[in-house]
Amino acid sequence: MRNKKVLFITQSAAIAALYVVLTLLANAFGLANHAIQVRFSEALTILPYFTPTAIPGLFVGCIISNILTGCHPIDTVFGSLATLVGAIITYLIAHGFKIPGSEGYRCKSTLRKWLCPIPPIVANIIVVPQVIRYCYGSEDSVSFLMLTVGAGEIISCMILGMILLYALDSRNVGNKIFGTPNN
């Protein structure tokens, strides 16, 4: 019998670590910060589709990534909160208020799959442009920044995220990794 708390913390930590590594990789290519952000790590924002452990993992990973890439403290707080809100809503889209392991927990709806990347995209489109203007003194209009942030988020969350979701879901890999039932 697995210790569920240890498993939860371990999976969350692994997701956080992966988020950090992928953000640092994007940062090495100059893609992790600024108006157009294509953080490879944002593809992981679909992981709440598979497990609730992704919610704290993404949040902590975003905090650590923002600190390591030299983001403004306000950016670290509000950018991470945007990731947290996106992760929670993604989980709710996929599972509602069902408990992992309960009957009907496993999302089978194709529509819900395609809705999962939208919350992190919207959360970042709302929050990040304000942060860029306030913290970094950008003179670009908020609407322009919303467009550029949205473009990066669509690439990261929608395109890369859905590739990841279908790759993990196609052979129940996500269920094997995260231990969620296949109801």
Side-chain angles (χ1 to χ4, degrees), residues 11-66 68-69 71 75-76 78-95 106-129 131-132 145-178 180:
Q11 288 179 349
S12 294
I15 291 168
L18 188 56
Y19 190 100
V20 171
V21 168
L22 291 173
T23 300
L24 293 175
L25 178 64
N27 194 51
F29 292 109
L31 299 171
N33 298 313
H34 310 297
I36 298 182
Q37 301 179 12
V38 181
R39 286 187 172 188
F40 308 132
S41 52
E42 287 290 295
L44 301 177
T45 60
I46 58 86
L47 291 180
Y49 172 84
F50 295 102
T51 177
T53 64
I55 297 169
L58 293 168
F59 179 59
V60 171
C62 189
I63 291 170
I64 295 168
S65 295
N66 287 346
L68 293 177
T69 58
C71 291
D75 185 0
T76 300
F78 287 99
S80 300
L81 286 173
T83 298
L84 177 63
V85 168
I88 291 169
I89 296 171
T90 297
Y91 180 82
L92 291 174
I93 287 171
H95 307 289
R106 182 79 173 89
C107 178
K108 296 177 184 176
S109 167
T110 301
L111 175 61
R112 286 184 180 201
K113 281 182 188 180
W114 283 97
L115 290 174
C116 283
I118 294 174
I121 293 170
V122 171
N124 281 295
I125 285 174
I126 292 169
V127 172
V128 174
V131 168
I132 292 171
L145 292 171
M146 290 175 93
L147 182 67
T148 59
V149 168
E153 288 295 312
I154 287 169
I155 293 167
S156 301
C157 299
M158 184 61 80
I159 296 172
L160 298 177
M162 289 307 292
I163 290 169
L164 178 61
L165 187 146
Y166 274 94
L168 292 174
D169 203 37
S170 66
R171 294 191 174 174
N172 275 339
V173 175
N175 295 331
K176 292 173 187 171
I177 293 170
F178 300 114
T180 55

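Every heavy atom of this structure was used, including side-chain atoms; hydrogens, water molecules and symmetry mates were not.
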Q: Going by heavy atoms in the side chains, are Leu168 and Leu47 under 4.5 Å from each other?
A: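 When only atoms from C-beta onward are counted, Leu47 and Leu168 do touch, with a gap below 4.5 Å.
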
Q: Supply the atom-to-atom distance Arg39 CZ to Thr23 OG1, rounded to the nearest 0.5 angstrom.
A: 5.0 Å

Q: From Leu164 CG over to Leu44 CG, what is the distance, rounded to the nearest 0.5 angstrom?
A: 6.5 Å

Q: Are Ser156 and Glu42 close enough that a side-chain donor and a side-chain acceptor fall under 3.5 Å?
A: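 Not at all, the side chains of Ser156 and Glu42 share no donor-acceptor pair under 3.5 Å.
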
Q: Report the C-alpha separation of Ile118 and Ile93 in whole Å, then their side-chain angles, then the decisive distance to 0.1 Å, and conclude whether the side-chain contact (heavy atoms from CB on, under 4.5 Å) test is met.
A: CA-CA 10 Å; Ile118 294 174; Ile93 287 171; 5.8 Å; no

Q: Can you classify the ring geometry of Tyr49 versus His95 as parallel (below 30°), tilted (30 to 60°) or perpendicular (above 60°)?
A: tilted

Q: Between CD1 of Ile89 and SG of Cys116, what distance do you get to the nearest 0.5 Å?
A: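 The distance works out to 11.5 Å.
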
Q: Do the non-hydrogen side-chain atoms of Thr69 and Leu24 ever get within less than 4.5 Å of each other?
A: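 Yes - at least one pair of side-chain heavy atoms lies under 4.5 Å apart.
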
Q: Look at the side chain of Ser41 and the backbone N and O of Val20, then say whether any donor-acceptor pair between them is shorter than 3.5 Å.
A: no

Q: Considering non-hydrogen atoms only, spot the tightest contact between Tyr91 and Pro48 and give its length.
A: CD1-O, 3.3 Å

Q: For a side-chain contact (heavy atoms from CB on, under 4.5 Å) check, start with the C-alpha distance between Leu31 and Phe40, then their side-chain angles and the critical distance, and finish with the verdict.
A: CA-CA 9 Å; Leu31 299 171; Phe40 308 132; 3.9 Å; yes

Q: Do side-chain atoms of Asn124 reach the backbone of Pro120 as a donor and acceptor pair under 3.5 angstrom?
A: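 It does hold such a pair.
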
Q: Can Thr148 and Leu145 be said to form a side-chain contact (heavy atoms from CB on, under 4.5 Å), step by step?
A: CA-CA 5 Å; Thr148 59; Leu145 292 171; 4.2 Å; yes

Q: Testing the basics here: between Gly152 and Val38, what is the closest heavy-atom pair and its distance to 0.1 Å?
A: CA-CG2, 4.1 Å

Q: In Å and rounded to the nearest 0.5 Å, what is the CD1 to CD1 distance from Ile121 to Ile155?
A: 10.5 Å

Q: OG of Ser80 to CG of Asp75: how many Å apart, nearest 0.5 Å?
A: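 Ser80 OG to Asp75 CG: 8.0 Å, rounded to 0.5 Å.
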
Q: Between atom CG of Asn27 and atom CG of Asn66, what is the distance when rounded to the nearest 0.5 Å?
A: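 Here the rounded value is 10.0 Å.
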
Q: Evaluate the side-chain proximity of Val128 to Glu153: yes if any heavy-atom separation is below 4.5 Å, no if none is.
A: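 No. Closest side-chain heavy atoms not under 4.5 Å.
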
Q: How close do Ile46 and Cys157 get, heavy atom to heavy atom, and via which atoms?
A: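 So the two residues come closest at CG2-O, 4.3 Å.
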
Q: Looking at Ile15 and Gly57, what are the two nearest heavy atoms and their distance?
A: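 The answer is CG2-C, 4.0 Å.
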
Q: Working note: Leu84 + Ile55, criterion side-chain contact (heavy atoms from CB on, under 4.5 Å); need CA distance, chi angles, decisive distance, verdict.
A: CA-CA 6 Å; Leu84 177 63; Ile55 297 169; 3.7 Å; yes

